[in-house]
Amino acid sequence: MPSISSTENLLADLSDRQREAVTHTDGPLLIVAGPGSGKTRVMAHRVAYLVGDKGVPPWKILAVTFTNKAARELRERCERLVGVGSNKLQVRTFHGFCSRVLRADGEKVALKPEFTIYDADDQARVARRILDDLDVDPKQFPPRSLLSVISDAKNNMRSPAQLSRRTETYRDEITARVYEAYEGALQRANAVDFDDLLLKTFQLLEGHPEMLEKYQERFEHLLVDEFQDTNALQFQVARLLAMKSRNICVVGDPDQSIYSWRHADPTNLTDFQSTFKNAKIVTLDQSYRSTQIILEAADSVISNNDGRMKKTLWTENSRGTRITVAEAYNEAEEASLVLKAATDLKSKDGIGRNEVAIMYRVNAQSRAFEVACNREGIPYRLVGGIKFYDRKEVKDILSFLRVVSNPADDAALERIINVPARGISARSVAELRRVAIANNVPALDVILDITRVNSGDEDPPTYYAELNTRAINSVTAFGDMITRFIEQSLALDTNELIDLIVERSGYGAMLREDKERGEERMENLQELKASAEQFAGSEERGQLTEFLENVALVSDVDGLQGGDSSDVDEEAITLITLHQAKGLEYDAVFLVGLEEGMLPHSRSVDDPTQLQEERRLLYVGMTRARKRLYMFRAFQRSFRGQSGSQMASRFLLEIPDSLVTTRDIRGHDRVADRMPDPMWTKRMASTPGPRPTSKLNDGYTAGEKVRHKAFGEGVVVSSSGVGSDTQVTVAFSGQGIKRLMLSFAPLEKVVEEESKQQFDPDEETFEIQDPELFAP
DNA sequence: GGCTTAGATATTTTT
DNA sequence: TATCTAAGCC
């Protein structure tokens, strides 16, 4: 039986500042916590202190985080420290918490307990239907941009009515009408989107004093993590919950605010101080994570942001190694250089793959690294790639489940009404929808009405849909099927229900006919079943809803394992976006794609505000590293098919030379490459032809054009080794990339300066050829 | 009514 | 490059 740690032990291994933060338990507290300053540790200790020392019952403590990952980590840390009763702690994401509240008391804001949570896909589907109904051209008004305006409105707590009252342009007009129809559609479907989870919780608490009191009583202590990432609604919910007890502790770092595009509002940090007067402020600026050099470099970058709450991190850690800044020719070379350096870390610094992460701005960048890892046989862990629950077949079956769980869920219904094809055309669906909207009922009501009448019920139809006989029969069959699913769901565990649906809906048969991908898809459905099994056994009514909620809210499955080995335990390199990397740390971090247009992202370069966020993104990345930090850029990068030369990221210029080593990873000094004299970079970007670069082995230079007897003309990517051991990697047009032993494969230099711009490696033929191919 | 194909189009980050 | 949509064909 785990015991509650004694206060003495609990506090002993904390710094003075940390202890201050942990023990200030009466009244509002703002913790400004720099990267690696032990933020999570403080939160966990605080919870343990509240329970162990202050005798606060665990269930009276609510800790909200921003991501599931953070929630999981905090929960685990708390459980370890708190011991008994720790399972009663409420550690949730904001959305998770709100969903919980609405399941219990959502009726007050017109939600039935089995409401569905609509993801971006569902939202887009709803929006597209509305545009269709309103006869608006979706090309002129892309659903996604309309939805983003709607999301803005919701975050500012504006109703459709409020929006339509102040329309100035035609665009405003359309937006307001779509918003109104959208709200109607969700209402009819007993569904909420992500914004609604927060908005409706806010409305529930604000408009129902007894509810507010209930939740204020329930939670005596509130902790909010990543406060700089909270949006206006989240702040309001937190404010309402804590208004009475005033026991609210928020933790954040304005320098790590990287979610403004999702309405995160870092001014919440300052607003906190005005909302909760006399809030105590504790700043944690000692880093227990990174070396001095890494901290200095990160600081030299972030200092360029203005209007910050200034804080400079310090550490008792060693000075550490200088940061390596390196340049690759293109993304393929970038990947191999990174992997080479990462592999070397093992022998040189004893840093294994598990402690190495490669971080990039956009997911698409992971590809080059996956290809390279596969080629080199290096196992990797891709964080947040294609999500399991996003696969078509999984979404289809989930849609069946959603209809069973919440028969009003029109988005789910429309997804599967004709999957597999069962003779209900888009026309018929549109007609069903028209009738449903006209009567303000879910589409399934109309379907079941048709089913009833067509099955010989004497009573006249309630709704009148114009469908031909064929369609009526198809719809009837579908209605019968869904009715059976709903009936049987009462007696079945969710995993059993999945089996039933797969077989009886014809979905399984459809997959078995699909020779190409059917098997793989069926396996995915098996996996879905397995994940449903975890929810089996609990009360019949709740388990399906609970499962679906989990899918909607906690969809971050563990990273897919790639590489040669199927051994999941094997040490693997982590591939991760900068956004997802927040909160994580690694011994060695490789930041890649440090180019204008990538980081900062091209969408951000014109806007100073967004540019500062890009800088924070880089800051987050740099401060993930404990011991070693590498920053890479590629001279040329292909982006959606096209390649072009890149300028070095302006952020690289912000790091002082004294913190950087220019040691080339291949063992050649390339002093000139320690970037970016901007003039030089600019010239490089605008000049076709080879850029100035140092000589590689035996005079072969990256970017140089060469000719091979068998493969024809190509471009040198890189070369390694010396003398007769020299290997030259060449990209041949139409032949892919080959690695050639110079002593076997004579290369001729082509004297022509134009070649590099056309360089476009064919990914299909990317692997290294057999040794015999090296011969001429 | 259903399927194939071509063509267009959009591409940041995620609860 | 990859996905999604619309139009054309069976």
Side-chain angles (χ1 to χ4, degrees), chain A residues 64-71 92-99 117-121 123-125 128 132 137-139 142-145 148 151 155 192-199 226 229-231 233-234 257-264 331 359-368 383-387 389-390 392 418-429 467-468 470-471 473-474 549-556 576-582 593 597-605 610 613-614 616-618 620-621 637-643 760-764:
Chain A
V64 284
T65 63
F66 191 61
T67 65
N68 292 301
K69 205 185 286 166
R92 301 182 178 282
T93 63
F94 255 112
H95 291 87
F97 169 73
C98 290
S99 179
I117 298 166
Y118 274 12
D119 65 11
D121 246 35
Q123 291 180 281
R125 174 172 268 103
R128 242 180 279 122
D132 203 42
D137 181 8
K139 277 183 189 136
R144 292 197 186 279
S145 76
S148 117
S151 175
N155 275 277
V192 295
D193 59 26
F194 283 111
D195 295 321
D196 283 339
L197 285 172
L198 307 167
L199 181 58
E226 304 284 16
D229 285 331
T230 53
N231 60 34
L233 277 173
Q234 289 165 330
S257 164
I258 54 175
Y259 283 100
S260 70
W261 50 276
R262 248 176 60 184
H263 307 112
E331 71 269 23
M359 302 180 184
Y360 36 81
R361 176 70 230 263
V362 302
N363 271 314
Q365 285 173 269
S366 71
R367 187 181 212 101
V383 180
I386 333 100
K387 285 198 209 102
Y389 293 116
D390 277 348
K392 280 159 232 74
N418 202 33
V419 177
R422 51 175 70 85
I424 306 177
S425 69
R427 270 181 93 91
S428 308
V429 176
L467 298 174
N468 61 38
R470 251 169 93 175
N473 286 332
S474 303
E549 162 154 337
N550 197 263
V551 170
L553 253 33
V554 197
S555 56
D556 70 332
I576 193 169
T577 65
L578 288 164
H579 280 89
Q580 292 186 106
K582 189 163 64 131
M598 295 301 290
L599 185 64
H601 191 270
S602 53
R603 301 245 166 149
S604 304
V605 287
Q610 287 189 49
E613 181 149 318
E614 298 286 309
R616 290 194 291 268
L617 205 43
L618 177 60
V620 166
R637 182 177 298 277
S638 39
F639 200 51
R640 39 185 218 247
Q642 296 225 325
S643 60
D760 182 20
D762 181 355
E763 305 252 330
E764 288 304 306

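These figures come from a predicted structure and were not determined experimentally.
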Mind checking whether A:Phe66 and A:His95 have side chains closer than 4.5 Å, heavy atoms only?
no
Nearest-Å distance, OH (A:Tyr389) to C1' (B:dT15)?
15 Å
With the criterion set at under 5.5 Å between ring centres and under 30 degrees between planes, would B:dT13 be stacked on A:Trp261?
yes
Comparing nearest nucleotides in DNA chain B, the 5'-proximal residue of the pair A:His95, A:Gln610 is A:Gln610
Taken to the nearest whole Å, CZ/A:Phe194 to P/B:dT13 is 16 Å
Sugar-phosphate, base or nothing in reach of A:Phe94, heavy atoms under 4.0 Å:
nothing
Is A:Arg92 touching bases, backbone alone, or none of the nucleic acid, heavy atoms closer than 4.0 Å?
nothing
So, A:Glu331 side chain and A:Ser638 main chain: donor-acceptor pair closer than 3.5 Å or not?
yes
Nearest whole angstrom, please: distance from the C1' of C:dT5 to the CG of A:Asp132.
13 Å
Rounded distance in Å - CG (A:Asp121) to P (B:dT15):
15 Å
Within the structure, does a side-chain N or O atom of A:Arg144 lie under 4.0 Å from either OP1 or OP2 of B:dA10?
no
How long is the line joining CG of A:Asp195 and P of B:dT14, in whole Å?
17 Å
Any A:Arg262 side-chain heavy atom under 4.5 Å of A:Asn231 side chain
no
Does any donor atom in the side chain of A:Thr65 or A:Glu226 lie under 3.5 Å from an acceptor atom in the other side chain?
no
If you compare every side-chain N and O of A:Thr577 against the phosphate oxygens of B:dT14 (OP1, OP2), does one of them come in below 4.0 Å?
yes
A:Arg128 side chain: which of C:dT5, B:dT15, B:dG1 is closest?
C:dT5
Residue met sooner reading DNA chain B from 5', once A:Ser428 and A:Leu617 are mapped to nucleotides:
A:Ser428
When you measure from the side chain of A:Gln580 to the backbone N and O of A:Val383, does any donor-acceptor pair fall under 3.5 Å?
yes
Report yes or no: does A:Ser425 contribute a side-chain atom to a donor-acceptor pair with the main-chain N or O of A:Ser428 at less than 3.5 Å?
yes
Locate the shortest heavy-atom distance separating A:Ile117 from A:Phe194; write the atom from each residue and the value.
CG2-CE2, 4.3 Å
Spacing between A:Leu197 atom CG and B:dT15 atom P, to the nearest angstrom
13 Å
Expressed in angstrom and rounded to an integer, what is the separation of A:Asn363 atom CG from C:dT3 atom C1'?
16 Å
For atom CZ of A:Arg603 and atom C1' of B:dA10, their distance in whole Å:
8 Å
The side chain of A:Gln580 is closest to which nucleotide in this list: B:dT14, B:dG1, C:dA2?
B:dT14
Between protein and nucleic acid, restricted to nucleotides 2-5 of chain B and to nitrogen or oxygen atoms under 3.5 Å apart, what atom pairs and distances do you find?
{"residue": "B:dG2", "atom": "OP1", "partner": "A:Gly423", "partner atom": "N", "Å": "2.7"}

Restricting to non-hydrogen atoms, name the atom on A:Arg616 and the atom on A:Ser257 that form the minimum distance, rounded to 0.1 Å.
NE-O, 2.6 Å
Ranking B:dG1, B:dT15, C:dA2 by distance to the side chain of A:Thr93, first place goes to B:dT15
Which part of the nucleic acid, if any, lies within reach of A:Ser602 when heavy atoms closer than 4.0 Å are counted: base, sugar-phosphate only, or nothing?
nothing
